[in-house]
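Notes follow once the structure below has been shown.
Both ligands and their constituent atoms are indexed starting at 1 by order of listing.
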Amino acid sequence: MSALRPVVLLAGRVHPRVRERAEVEFDAISIDAADAGLLNDETRSRIRGIAAATAISADFIDSLPNLEVIANFGVGYDSVDAAHAATRKVMVTNTPDVLSDEVADTTVGLLLNTLRELPKAEAYLRAGRWAAEGAYPLTSLTLRGRTIGIFGLGRIGLAIARRLEAFGLPIHYHTRTERSDVAYPWHASLIELASVVDTLIVIVPGGAATEKAVNSDILGALGPQGVLISVGRGSTIDEPALIAALADRTIAAAGLDVFAHEPNVPQALMDLPNVCLLPHVASASVSTRNGMADLVVDNLGAWLAGRPALTPVPECTGFDRSGT
Ligand code: DGY
């Protein structure tokens, strides 16, 4: 019976629910890294799908002659060479929508923690300092009176905007193309956005188009009351420039959930007092990650059964099967 099931590669540290379901629904093979050298020719020729929790390069794609689909765990799929996959008509899927609200909620929490120093205030209480020394110092930063700039107004960016609108804050944004369905002021460039707001939330995809887009010029434009919140990909921020801007108070503070070289975070960043740092947890609740896991397996199942992909990435929509 198992010979009839499509062979799917579980690449990297896949979510347990992806593994559990894949082992039931497919003939699953696991490897720690997407390295063709870890598989023999016969195995490589049997693989029709990949559940990806690690980088998938063009070379790796080319090493699998019968590959049909790569289902990425995460909405961000910058670690999968989707452009190359598309040239081979290999479908690539990601996990949009199911995580938007969770990531937006976490972003608001990170913003408040950065401004109002809530993690530090809790540490102060737990250390017995409230009783011993008195009230925690007043925070110099507040959300009140801020103007929000969102770099990337996709599904998650919009969910963040809606939340902060409810906090009574003006919202501006920068995307390559102006959206026709929102009334928020659009700015044609990131530097223009940074110069009219004091709170910049970065939620663009990673990859070459956004590599180090937030550099010293952008941070300078944000200014001394400026706060940077980064929840997309660490590659979008010029990390050394950010560290310098935080150290010399070019900007006031930053809240970061993503880093250039995860899970490694520069010591210089950790040593700064005006940062709030999270270990890439924006979507990391059990229910949201289960939703992402189900979407990975459902995409594999659909495509391998000859049905349309549920959530194809834009590079692959051109050859998706008709849903009708
Ligand atoms: C995503 O979905 O891209 C998040 O960053 C979680 O990995």
Ligand-side contact atoms (ligand 1) for residue partner [X], heavy atom cut-off under 4.0 Å:
{"X": "S283", "value": "6 (C)"}
{"X": "L99", "value": "2 (O)"}
{"X": "R233", "value": "1 (C), 3 (O), 5 (O)"}
{"X": "G76", "value": "1 (C), 2 (O), 3 (O)"}

Worksheet item: Among protein heavy atoms, which lies nearest atom 7 (O) of ligand 1, and at what distance?
Response: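 Closest protein heavy atom to atom 7 (O) of ligand 1: H280 NE2, 3.6 Å.
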Discussion item. For the 3.5 Å polar cut-off, considering only N or O atoms, please tell me whether V75 and ligand 1 meet it.
Written reply: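 Yes, at least one N or O pair falls under 3.5 Å.
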Practice prompt. Would you check the N or O atoms of R289, main chain and side chain alike, for any that come under 3.5 Å of an N or O of ligand 1?
Written response: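 For ligand 1, there is no N or O atom that lies under 3.5 Å from one belonging to R289.
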Worksheet item: With no hydrogens and no angle check, is any side-chain donor or acceptor of W303 less than 3.5 Å from a backbone partner on E68?
Response: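 Side chain of W303 to backbone of E68: a pair is present.
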Item to complete: Output yes when a side-chain donor or acceptor of T93 lies under 3.5 Å from a complementary backbone atom of P312, and no otherwise.
Response: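 Flag not set: sc T93 to bb P312 has no pair under 3.5 Å.
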Fill in: Lys/Arg N to Asp/Glu carboxylate O, D101 vs R162, below 4.0 Å
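No.
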Worksheet item: Would you say I50 and F60 make side-chain contact, with heavy atoms under 4.5 Å?
Response: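 They are in side-chain contact.
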Worksheet item: How about D32: does its CG atom have over 12 heavy atoms from other parts shown lying under 6.0 Å from it?
Response: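 No, not enclosed.
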Worksheet item: Strictly by modelled atom types, are N113 and E117 linked by a side-chain donor-acceptor pair under 3.5 Å?
Response: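 No donor-acceptor contact under 3.5 Å links the two side chains.
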Discussion item. Below a 4.0 angstrom heavy-atom separation, can you tell me which part of N94, side chain or backbone, both or neither, approaches ligand 1?
Written reply: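 No part of N94 is near ligand 1 at this cut-off.
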